[in-house]
There are 2 protein chains.
Amino acid sequence: MTTETTTRSKQTPAQFAGVVKLDQQLCFALYSASGLMTRLYRPLLDPLGLTYPQYLAMLALWERAPSTVGELGEALGLDSATLTPLLKRLEAGGLVTRRRDPADERRVLVEPTAKGQALREQARSVPAAMLCNLPLDADELKSLHHTLTRFVSGLRKADAGRANRD
Amino acid sequence: MTTETTTRSKQTPAQFAGVVKLDQQLCFALYSASGLMTRLYRPLLDPLGLTYPQYLAMLALWERAPSTVGELGEALGLDSATLTPLLKRLEAGGLVTRRRDPADERRVLVEPTAKGQALREQARSVPAAMLCNLPLDADELKSLHHTLTRFVSGLRKADAGRANRD
DNA sequence: TACTAAACAATCGCGCACGATTTAAATGGA
DNA sequence: TCCATTTAAATCGTGCGCGATTGTTTAGTA
């Protein structure tokens with residue numbers, strides 16, 4: 001393989017170099033934005049005793065319970081090596097229960113406890129509070145969300161392709 | 001303070017709820033995109049023996065060396081608790097040197113070694129290879145980059161504000 | 001029915017990320 | 001000059017994130 005790369009559209013070398021630079025900045029912006037966003041969630045989630053990934057897991061479980069570890073992993077894009085300890089921490093905090101599925105002993109069913117359900121009420125104010133932190137107006141938010149959603153689904157496909165090649 | 005939140009523009013409750021939902025999805029999309037992007041960098045960076053944050057640190061050092069730990073932290077948005085061990089690993093790999101600044105013994109100067117400089121040549125093909133993974137055309141890339149850059153600089157401001165309140 | 005393969009969660013090791021604290025050096029007055 | 005304050009990096013503890021491996025259960029098949 002040479003440095004010749006198959007791009008979707010024909011471009012001059014100068015345009016190509018510019019796009020390359022841009023994608024590098026884009027990746028870094030994504031990395032930065034994700035970290036900053038997590039930091040802004042922290043003061044909102046600390047009172048609930050949750051981290052951002054734990055909050056995501058609870059959101060998923062409030063939507064659908066019981067869920068298996070695998071289903072949560074699918075929803076959040078995380079694997080069992082990440083989720084198992086995270087769920088154990090939620091369990092230790094009394095927010096969820098974990099039990100083997102009697103119908104298939106390979107699976108583990110996760111479910112909010114009463115305390116975990118009660119937390120949902122406290123968590124209702126989080127999204128609106130977070131919105132106040134976001135520095136974009138509704139239109140920009142919409143545009144960013146739209147492009148980013150396409151981006152993520154494309155990345156997911158690329159990632160799945162990579163995973164199937166071994 | 002009540003649940004009444006000060007948003008930039010006046011909206012009906014229904015619109016407000018929609019935007020709240022959107023920002024939640026946006027944050028998750030950001031979180032997912034960042035993780036996916038790191039995963040896609042991995043096969044490109046593994047041959048270089050770098051992780052993505054290490055790659056970012058080397059990019060910064062290739063641009064400007066020597067840099068202090070604080071300058072790198074400023075550039076990458078990381079603090080010394082993250083950078084010190086990361087830089088020690090790069091040092092252990094023979095890619096950078098770390099030494100106290102003789103003019104100010106509080107500072108530590110970090111600089112690529114010859115091996116670290118040589119790595120730059122190998123790393124030249126990374127951005128173009130990464131670009132092939134990205135599922136957007138040049139225009140979308142540009143638009144995403146533009147919105148995201150505004151977003152990040154806004155978040156940075158919000159984050160700085162939060163930091164100054166204690 | 002055996003025996004292999006696949007699916008699922010858990011575990012291990014390593015690296016990032018950060019809040020809080022500590023140590024050391026420089027700075028700025030009284 | 002002396003001392004309090006500030007600045008810079010390192011350290012500690014906890015929690016994500018994941019590649020690789022392991023153990024167990026289920027499914028598929030000869």
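Because the structure is a prediction, the values reported are computed rather than measured. Reminder, nothing fancy here: chain letters follow the sequence lines and each chain counts from 1.
With contacts defined as side-chain heavy-atom distances shorter than 4.5 Å, the pair B:Q54/B:L95 does not qualify. Within the 4.5 Å cutoff, no side-chain heavy atoms of B:L90 are placed close to those of B:V110. Annotation: side chain of B:L148 is not in contact with side chain of A:T147 (no heavy-atom distance under 4.5 Å).
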Write down the protein N/O and nucleotide N/O pairs, taken from nucleotides 24-29 of chain C, whose separation is under 3.5 Å; answer none if there are no such pairs.
from: C:dA26; atom 1: OP1; to: B:E105; atom 2: N; distance (Å): 2.9

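Between the P atom of C:dA17 and the CG atom of B:L87 lies a distance of 12 Å, rounded to the nearest Å. Atom C1' of nucleotide D:dC18 and atom OH of B:Y52 are separated by 17 Å, given to the nearest angstrom. Nucleotide D:dG19 holds its C1' atom 13 Å from the CG atom of A:D159, rounded to whole Å. In this structure, A:R99 atom CZ and C:dA10 atom P are separated by 14 Å, rounded to whole Å. Here C:dA10 presents its C1' atom at 7 Å from NZ of A:K88, a figure rounded to the nearest Å. Atom pair B:L50:CG and C:dG15:P shows a separation of 12 Å (rounding to whole Å applied). Atom CZ of A:R42 is separated from atom P of D:dG15 by 12 Å (rounded to the nearest Å). Per the geometry, CG belonging to B:D46 stands 11 Å off C1' belonging to D:dC18, to the nearest Å.
Interface residues of residues 67-81 of chain A facing DNA chain C, ordered by number: A:T68, A:V69, A:G70, A:S80, A:A81; criterion, heavy-atom separation under 4.0 Å.
Between A:R124 and A:E121 a salt bridge is recorded (basic side-chain N to carboxylate O distance below 4.0 Å).
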Next item on the list: Kindly indicate, with the supporting measurements, whether the criterion salt bridge (charged side-chain N to carboxylate O under 4.0 Å, His left out) is fulfilled by A:E105 and A:R100.
Entry: CA-CA 6 Å; A:E105 292 276 343; A:R100 290 279 167 184; 5.4 Å; no
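For the pair B:W62 (side chain) and B:G116 (backbone), a donor-acceptor distance under 3.5 Å is present.
By the 6.0 Å contact criterion, CD on A:E111 is enclosed, its count of non-hydrogen atoms from other residues, nucleotides or ligands being greater than 12.
Sequence order on DNA chain D of the closest nucleotides to A:Q54 and B:R98 puts B:R98 first from the 5' end. Residue order along DNA chain D, read from the 5' end via each residue's closest nucleotide, puts B:T84 first among B:T84 and A:L86.
Rounding to the nearest 0.5 angstrom, the gap separating the CZ atom in A:R99 from the OG1 atom in A:T97 is 6.0 Å.
Note on B:Y55: every side-chain N or O is 4.0 Å or more away from OP1 and OP2 of C:dG15.
A:Y41 and A:Y55 have tilted rings, their planes meeting at an angle from 30° to 60° on a 0 to 90° scale.
Counting non-hydrogen atoms under 4.0 angstrom, B:T82 reaches a base of the nucleic acid.
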